[in-house]
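For reference, the structure discussed in these notes is given below.
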Amino acid sequence: MEKYFKFDGVATRSEYWGVMIIATLLAFVFGLFGGFALGFGGSAGSTLGAIFGGLVLLATIVASAWVSIATCVRRCRDAGINVWWTLGAFVPYIGWIVAIVIGCLKTDVQSA
């Protein structure tokens, strides 16, 4: 599990897609949970629930973003392209296209 937080090495296509799908699903589920908990903010008990939900939401966003970026950098290295292409995934409206292209590129035999 610790390799998913590191930026060195390479990531295969299947590893890349597995991480991206799991990170997206976890962010979605915990986002719903955090949003649900944040929606209840009236009494003391629900305020604590809202704080807890907000912290869970924040931790999930940070962890899934870190793992996704690290895996994308390793995938770029495996495909033989510049790791700065990872920044393309953050461009609004076209970032998902960049992420799909990075995930579909074949492994560069020279870099592996």
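Residues: numbered from 1 along the sequence shown.
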Report yes if the side chains of [X] and [Y] come closer than 4.5 Å at any heavy-atom pair, otherwise no.
{"X": "S68", "Y": "M20", "value": "yes"}
{"X": "V91", "Y": "I97", "value": "no"}
{"X": "I69", "Y": "F7", "value": "yes"}

Measuring from atom CD1 of I102 to atom CD1 of I81, what distance do you get when rounded to the nearest 0.5 angstrom?
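Reported value, rounded in 0.5 Å steps: 5.0 Å.
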
Roughly how far apart are L87 CG and N82 CG, rounded to 0.5 Å?
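L87 atom CG to N82 atom CG measures 9.5 Å (nearest 0.5 Å).
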
Counting heavy atoms not belonging to W85, are there more than 12 under 6.0 Å from its CH2?
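No - once you tally the heavy atoms of other residues, nucleotides and ligands closer than 6.0 Å, there are 12 at most.
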
Has Y16 got a side-chain atom pairing as donor or acceptor with C76's backbone, closer than 3.5 angstrom?
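Absent.
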
Nearest heavy-atom neighbours spanning R77 and D8:
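So the two residues come closest at NH1-CA, 3.5 Å.
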
Nearest heavy-atom pair of R74 and K6: which atoms, and what distance?
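That would be NE-O, 3.3 Å.
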
List the steps and the verdict of side-chain contact (heavy atoms from CB on, under 4.5 Å) for W17 and I100.
CA-CA 9 Å; W17 285 114; I100 290 173; 4.1 Å; yes

Answer with yes or no whether the hydrophobic clustering places L25 together with L58; edges join I, L, V, M, F, W, Y residues whose side-chain heavy atoms lie under 4.5 Å apart.
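No: no chain of side-chain contacts under 4.5 Å links L25 to L58.
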
